Amino acid sequence: MISSRILSLAWNSQNQTLWFGTSSSGLGQLKKGILSYYTKASDNLPRDLVSGLVCEKNGQVWFNCSAHQLGGLGCFHNGKFKFYTPGNSELPDNLIKSIAIRDQTIYVATGGTVERQKVLTITNNKWKFLPVTGYYLMNMDVTRDGTVYVIDDAGLSSSTSVTNKIYECKNGLVRDILPPGTGRDISPHILKTDLRNY
């Protein structure tokens, strides 16, 4: 029985397993009708809140197990956990805001200081920053052709000059796709791309 709210789901086709992140029960796994949980107490996760996850074709499970100055980007593969933090990787901050996957590339939106939050990619253990720097990055997704869309939320800012944005990062160029003059009238929360790259 699931003991807390499910925050995210991902199917691992490599081993036919459903993975899920929870609000207080850690990282969950449903395999052949059997539920398993990986938690702070049982597996040394940084915390028991897992808010996002994706699965690679090779079976690796990437997940967000982080907070301000705690944890980072988790990876589960071949029965072992590895956590990437600013101390052992190129992550600029412990806080992971969103994770997406396209082909063999992992896309990560990081938290940290407002107006300096970043997006990076991991491909074959090579880390690369995209030219996206946001105020307060939120949800993100990637189209089939590798175009990145990420929400930048200005709700915490007291300045009226800082507005909500949806960044499109394509071929190294970044632009805000919200109509000019919308300011804070539009407050996007979640976005998903489809098979048509919409």
Side-chain angles (χ1 to χ4, degrees), residues 1-89 91-102 106-114 117-120 122 134-142 149-153 155-156 164 187-194:
M1 175 180 279
I2 296 169
S3 58
S4 68
R5 208 163 33 102
I6 293 177
L7 302 177
S8 55
L9 293 166
W11 178 251
N12 192 327
S13 57
Q14 174 75 16
N15 57 15
Q16 302 294 294
T17 302
L18 179 67
W19 290 85
F20 51 95
T22 71
S23 60
S24 61
S25 298
L27 180 65
Q29 176 189 46
L30 176 63
K31 184 174 183 178
K32 297 181 180 177
I34 299 172
L35 275 175
S36 304
Y37 291 94
Y38 301 93
T39 66
K40 183 176 180 179
S42 65
D43 300 280
N44 293 318
L45 267 63
R47 64 189 309 208
D48 286 331
L49 187 148
V50 176
S51 62
L53 61 98
V54 296
C55 296
E56 283 195 79
K57 289 181 181 177
N58 66 3
Q60 288 189 111
V61 179
W62 294 84
F63 60 98
N64 169 1
C65 193
S66 65
H68 177 64
Q69 296 184 346
L70 174 71
L73 179 64
C75 183
F76 181 80
H77 190 55
N78 293 330
K80 295 180 181 177
F81 285 100
K82 180 169 185 177
F83 291 95
Y84 295 93
T85 69
N88 67 6
S89 73
L91 282 176
D93 193 86
N94 294 81
L95 184 58
I96 307 301
K97 303 297 267 317
S98 186
I99 308 169
I101 187 169
R102 183 59 63 198
I106 306 298
Y107 295 79
V108 181
T110 67
T113 306
V114 293
Q117 301 191 8
K118 302 188 180 301
V119 177
L120 55 89
I122 309 167
Y135 179 84
Y136 195 78
L137 298 181
M138 298 294 287
N139 190 256
M140 171 183 58
D141 205 8
V142 185
Y149 291 94
V150 60
I151 295 171
D152 194 8
D153 183 354
L156 295 176
N164 296 328
S187 298
H189 180 66
I190 294 175
L191 57 82
K192 287 291 174 192
T193 61
D194 66 17

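Because the structure is a prediction, the values reported are computed rather than measured.
Residues Phe20 and Gln29 form no side-chain contact, since every pair of their non-hydrogen atoms from C-beta on lies 4.5 Å or further apart. Side-chain contact check for Met138 versus Ser98: every heavy-atom pair is 4.5 Å or farther apart. Phe63 is not listed as a side-chain neighbour of Ile96, based on a closest heavy-atom distance of 4.5 Å or more. Contact of the Leu27 side chain with the Asp43 side chain is not registered, since no non-hydrogen atoms from C-beta on lie closer than 4.5 Å. For the pair Asn164 and Ile151, the minimum side-chain heavy-atom distance is 4.5 Å or more. Between Val54 and Trp62, some side-chain heavy-atom pair lies under the 4.5 Å cut-off. In this structure, the side chains of Pro188 and Asn139 stay at 4.5 Å or more apart for every pair of heavy atoms. Looking only at side-chain heavy atoms (C-beta outward), Phe83 and Cys65 come within less than 4.5 Å of each other.
With Thr193 contributing its side chain and Val142 its backbone, the two residues share a donor-acceptor pair below 3.5 Å. Remark: the backbone N or O of Gln60 is paired with a side-chain donor or acceptor of Asn58 at under 3.5 angstrom. In this structure, the side chain of Ser4 engages the main chain of Ser25 through a donor-acceptor pair within 3.5 Å. Under a 3.5 Å cut-off, the side chain of Asp48 and the backbone N or O of Lys40 do form a donor-acceptor pair.
Distance check: Cys55 SG to Leu18 CG gives 8.5 Å after rounding to the nearest 0.5 Å. Between atom CG of residue Leu7 and atom CG of residue Leu53 there is a gap of 9.5 Å, rounded to the nearest 0.5 Å. Distance check, rounded to the nearest 0.5 Å: CG of Asp152 to CD of Gln117 gives 7.5 Å. With values rounded to the nearest 0.5 angstrom, Ser66 atom OG is found 7.5 Å from Asn94 atom CG. Here Ser8 contributes atom OG and Asn64 contributes atom CG; the two are 8.5 Å apart, rounded to the nearest 0.5 Å. Taken to the nearest 0.5 Å, the CG atom of Leu30 stands 8.0 Å off from the OG1 atom of Thr17.
Atom OH of Tyr136 has 12 or fewer heavy atoms from other residues, nucleotides or ligands within 6.0 Å.
Across Asn88 and Thr85, no two heavy atoms sit closer than the pair OD1-N, 2.8 Å. Of all heavy-atom pairs between Gly52 and Ile99, the closest is O-CD1, 3.9 Å.
Applying the ring pair (Phe, Tyr, Trp, His ring centres under 6.0 Å) rule to Tyr38 yields the partners Trp19, Phe76, Phe81; only residues at least two apart in sequence or on another chain are considered.
Between the side chains of Asp93 and Thr110, no donor-acceptor pair is found at a separation under 3.5 Å.
Applying the side-chain hydrogen bond (donor to acceptor under 3.5 Å, both in side chains) test to pairs two or more places apart or on separate chains, none has a residue in residues 68-84.
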